[in-house]
Amino acid sequence: MVSKLALAAAALSTFTGVSAVPVPQTLQEIVGGEPAAQGEFPYIVSLQRSGSHSCGGALLNADTVVTAAHCSVNVNVGILSVTAGTNTWSSGGTEVGVSSIAVHPQYDDSSLDNDVAIWKLSQPIDAGSGIGYVSLPSSGSDPAAGSSTTIAGWGATREGGASSSQLLKVSVPVVDRDECNSAYGGDITDAMFCAGLPEGGKDACQGDSGGPIVDNSGALIGVVSWGQGCARPGYPGVYTRIANFISFINSNA
């Protein structure tokens, strides 16, 4: 997850927290969650730069990962790798390289609008042994306010904290878009949706950026994008609305 405050300091290469200005959740962890069971999120992957976890992503098929655009810009694919099939990003599982990245052509790094990208892998990651592929929502669908969602990732467990070595998960309800837009001063577009508790305490955080948020059917309704800090009262997490980008994803998968 990125913090909008971090965007104000655009010269920095990593982001922390979220402010009234969108900031990617790079280097963030799940707040208020619990450990995920092995194989509970068979599609989740750790996106790594020079061997260190940077963001999350979701396997769409054997050689395609859906993630956030803010995790995917200004980086040489030669230092990137993807690890699947493990709840411990630093060990186990299957690790492969990255051959190319497609960032949404209308991605705006100041507002984090259209914050979605596709990573193509240099080798396929076959399903099996705790690895699977995520399903996409119906094109144009919109998560209903109050519906339950689940986020998973290796991000920080508190704002400003260190990232987690173990995969964590947390469930939060979708927040009405108008209500969220009011909290964020009009920065929420139709390509985004919000999820969280009014009192805070549960959220994605730095290091969770690009990772999956799924509905009760397991469909990938969003990827972690930005927010105002982590789990702050009155500031739900903001997610890329994947149903807006089905054509982009399918054309690059």
Side-chain angles (χ1 to χ4, degrees), residues 1-2 4 18 20 22 24-25 28 30-34 36 40-44 56-58 60 66-69 104 106 111-116 132-153 155 168-205 208-250:
M1 175 180 277
V2 172
K4 271 206 165 182
V18 176
Q25 295 223 2
Q28 288 184 353
I30 295 292
V31 177
E34 61 184 348
E40 187 174 1
F41 300 93
Y43 45 79
I44 197 167
L60 182 61
V66 181
T67 187
H104 193 277
Q106 275 77 57
S111 67
L112 292 183
D113 201 17
N114 307 307
D115 188 15
V116 63
Y133 309 135
V134 76
S135 61
L136 296 176
S138 300
S139 181
S141 59
D142 200 7
S147 61
S148 180
T149 69
T150 301
I151 317 154
L168 303 176
K169 66 175 183 177
V170 69
S171 293
V172 288
V174 174
V175 175
D176 177 80
R177 184 174 286 104
D178 289 342
E179 178 183 334
C180 189
N181 215 4
S182 178
Y184 280 109
D187 289 333
I188 308 302
T189 73
D190 285 344
M192 307 172 186
F193 72 92
C194 305
L197 299 173
E199 67 272 23
K202 294 185 177 184
D203 197 4
C205 198
D208 291 321
S209 283
I213 178 170
V214 298
D215 63 14
N216 285 337
S217 74
L220 182 70
I221 57 173
V223 297
V224 178
S225 185
W226 62 278
Q228 176 71 37
C230 302
R232 295 184 186 180
Y235 289 103
V238 184
Y239 302 86
T240 303
R241 181 182 162 200
I242 288 298
N244 266 32
F245 302 102
I246 301 301
S247 294
F248 166 76
I249 292 170
N250 287 338

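All values below were derived from every heavy atom in this structure, side-chain atoms included, with hydrogens, water molecules and symmetry-related copies excluded.
Nearest heavy atoms, Leu197 versus Pro173: CD2-CD, 3.6 Å. Scanning all heavy atoms of the two residues, the minimum distance from Pro137 to Ile242 falls at CD-CG2, 3.9 Å. Residue Gly210 comes nearest to Thr67 through the heavy atom pair CA-OG1, 3.3 Å, listed as atom of the first residue, atom of the second, then distance. Counting all heavy atoms, side chain and backbone alike, Ser225 lies closest to Asp115 at OG-OD2, 2.7 Å. Nearest approach of Ala191 to Asn114, heavy atoms of both residues: CB-OD1, 4.0 Å. Heavy-atom minimum distance, Ile213 versus Ala195: CD1-CB, 4.2 Å.
Contact of the Tyr239 side chain with the Val224 side chain is registered, since non-hydrogen atoms from C-beta on lie closer than 4.5 Å. In this structure the side chain of Val116 reaches within 4.5 angstrom of the side chain of Val66, judged on heavy atoms.
Asp215 is linked by a side-chain hydrogen bond (donor to acceptor under 3.5 Å, both in side chains) to Ser217, counting only residues two or more places apart in sequence or in another chain. Partners of Asp176 by salt bridge (Lys or Arg N to Asp or Glu O under 4.0 Å), not counting sequence neighbours: none found. The side chain to side chain contact (heavy atoms under 4.5 Å, CB included) check on Val170 picks up Ile30, Ile151, Lys202, with sequence neighbours excluded. Listed by chain and number, the residues in a salt bridge (Lys or Arg N to Asp or Glu O under 4.0 Å) with Glu40 are Lys169 (sequence neighbours excluded). Under the rule for a ring-ring contact (aromatic ring centres under 6.0 Å, His included), Tyr43 has no partner lying at least two apart in sequence or in another chain. With sequence neighbours left out, the side-chain hydrogen bond (donor to acceptor under 3.5 Å, both in side chains) criterion links Ser171 to Thr150. Here Thr149 pairs with nothing under the side-chain hydrogen bond (donor to acceptor under 3.5 Å, both in side chains) rule; sequence neighbours left out.
Going from atom SG of Cys230 over to atom OH of Tyr235 covers 14.0 Å, rounded to the nearest 0.5 Å. In this structure, the separation between CG on Leu60 and CG on Leu220 is 8.5 Å, given to the nearest 0.5 Å.
When the options Ile188, Asp190, Thr240, Thr189 are evaluated for a side-chain contact (heavy atoms from CB on, under 4.5 Å) with Asp113, the one that passes is Thr189.
Within the structure, salt bridge (charged side-chain N to carboxylate O under 4.0 Å, His left out) contacts touching residues 240-249 (residues at least two apart or in different chains) are Asp142-Arg241. Every pair tested for side-chain hydrogen bond (donor to acceptor under 3.5 Å, both in side chains) that includes a residue from residues 132-141 fails, sequence neighbours excluded, so the list is empty.
No donor-acceptor distance shorter than 3.5 angstrom exists from the side chain of Asp208 to the backbone of Ala152, with no hydrogens or angles considered. A donor-acceptor contact shorter than 3.5 Å links the side chain of Tyr184 to the backbone of Pro236.
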*asked:* side-chain contact (heavy atoms from CB on, under 4.5 Å), that's the test. Do Leu136 and Asn250 meet it? Break it down for me.
replied: CA-CA 10 Å; Leu136 296 176; Asn250 287 338; 3.9 Å; yes
